[in-house]
Amino acid sequence: MDLVLLWVFLPLVSVAWGQYGDYYYGPYNYGDNDEWVNVYRQGFNFQCPHGQVVVAIRSVFSKKEGSDRLWNYACMPAAQSLGEPTECWWEEINRAGTEWYQTCSNNGLVAGFQSQYFPSVLDREWQFYCCRYSRRCPYSCWDRQWKFIVCRMTEYDCPFQNV
């Protein structure tokens, strides 16, 4: 099995984060003292260090705190075969209170998130930070819990963009 799967946990991400319950994925280092990147009802900005991508997400839901979640993320270096990121960018903002589906355009991998909480709709808007590595392409994708889509990456440069 290709070890690339470890670091491409979130090359494409979709919307429905799940409303209730806690979420924890894998034995990853989530940063200093496993601290959350946000507090309830507050915005946050999280970016992996240069050359790393998001490989795991941890979340705790609280109805008492405005039906909001605490978030934490783990990053790992991208596989050496991908080299350095060729470009990074912020995707379009996904508005709070609406359904949405998010992927990194241009075959990018997720390397960060920023989010703002809106109490009027008890929801968050999200923006994804994506990086492209040598024009590699996701393939063999499947859904994960909380609607994350996981993909493998090709071993060659691909001539097309995801839609």
Side-chain angles (χ1 to χ4, degrees), residues 1-18 22-38 42-60 69-96 99-116 124-163:
M1 176 182 265
D2 194 350
L3 293 178
V4 173
L5 286 176
L6 288 176
W7 62 265
V8 292
F9 178 71
L10 294 176
L12 304 168
V13 180
S14 70
V15 115
W17 295 102
D22 299 344
Y23 179 66
Y24 175 81
Y25 180 79
Y28 294 99
N29 178 3
Y30 285 90
D32 297 334
N33 302 318
D34 285 342
E35 294 177 3
W36 300 105
V37 299
N38 68 310
Q42 298 295 316
F44 69 88
N45 181 319
F46 174 83
Q47 284 182 257
C48 294
H50 180 76
Q52 295 189 15
V53 293
V54 174
V55 294
I57 295 177
R58 184 173 63 163
S59 176
V60 174
R69 289 181 170 273
L70 295 175
W71 294 94
N72 201 346
Y73 306 97
C75 302
M76 287 182 70
Q80 281 186 321
S81 64
L82 295 181
E84 291 292 312
T86 54
E87 63 179 319
C88 296
W89 64 94
W90 286 101
E91 287 287 344
E92 295 288 320
I93 293 176
N94 295 286
R95 299 295 175 196
E99 289 187 24
W100 52 272
Y101 177 86
Q102 178 70 50
T103 64
C104 282
S105 60
N106 205 19
N107 300 313
L109 302 176
V110 176
F113 302 92
Q114 64 182 18
S115 179
Q116 184 65 40
R124 290 184 165 276
E125 71 179 18
W126 290 89
Q127 193 170 20
F128 293 76
Y129 186 67
C130 303
C131 294
R132 183 169 63 112
Y133 288 80
S134 302
R135 297 177 49 211
R136 298 295 171 96
C137 298
Y139 73 99
S140 187
C141 303
W142 65 93
D143 283 339
R144 293 275 308 176
Q145 185 176 6
W146 304 116
K147 303 290 185 182
F148 293 117
I149 299 172
V150 180
C151 301
R152 296 179 184 204
M153 297 299 284
T154 60
E155 294 294 327
Y156 54 87
D157 291 350
C158 31
F160 60 87
Q161 294 184 9
N162 56 3
V163 183

With W71, the ring pair (Phe, Tyr, Trp, His ring centres under 6.0 Å) member among W36, W126, F113: W126

Chi angles and distances behind the side-chain contact (heavy atoms from CB on, under 4.5 Å) call for C48, V54: CA-CA 7 Å; C48 294; V54 174; 3.6 Å; yes

Least distance between heavy atoms, L109 atom then C104 atom: C-SG, 3.9 Å

Minimum-distance pair of heavy atoms, taken over all atoms of N106 and E87: ND2-OE2, 2.9 Å

Test log, rule disulfide bond (SG atoms under 2.5 Å apart), inputs C88 and C131: CA-CA 4 Å; C88 296; C131 294; 2.0 Å; yes

Shortest non-hydrogen separation from T86 to Y133 and the atoms involved: OG1-N, 4.3 Å

Least distance between heavy atoms, Q52 atom then A111 atom: O-CB, 3.7 Å

Main-chain N/O of G112 paired to N45 side chain as donor or acceptor, under 3.5 Å: no

Over 12 foreign heavy atoms within 6.0 Å of CD, Q116: yes

Test item: side-chain donor near acceptor, Q127 and Q114, under 3.5 Å: yes

Non-hydrogen atoms of R124 and N38 that approach each other most closely: NH2-ND2, 3.2 Å

S115 side chain vs G43 backbone, donor-acceptor pair below 3.5 Å: no

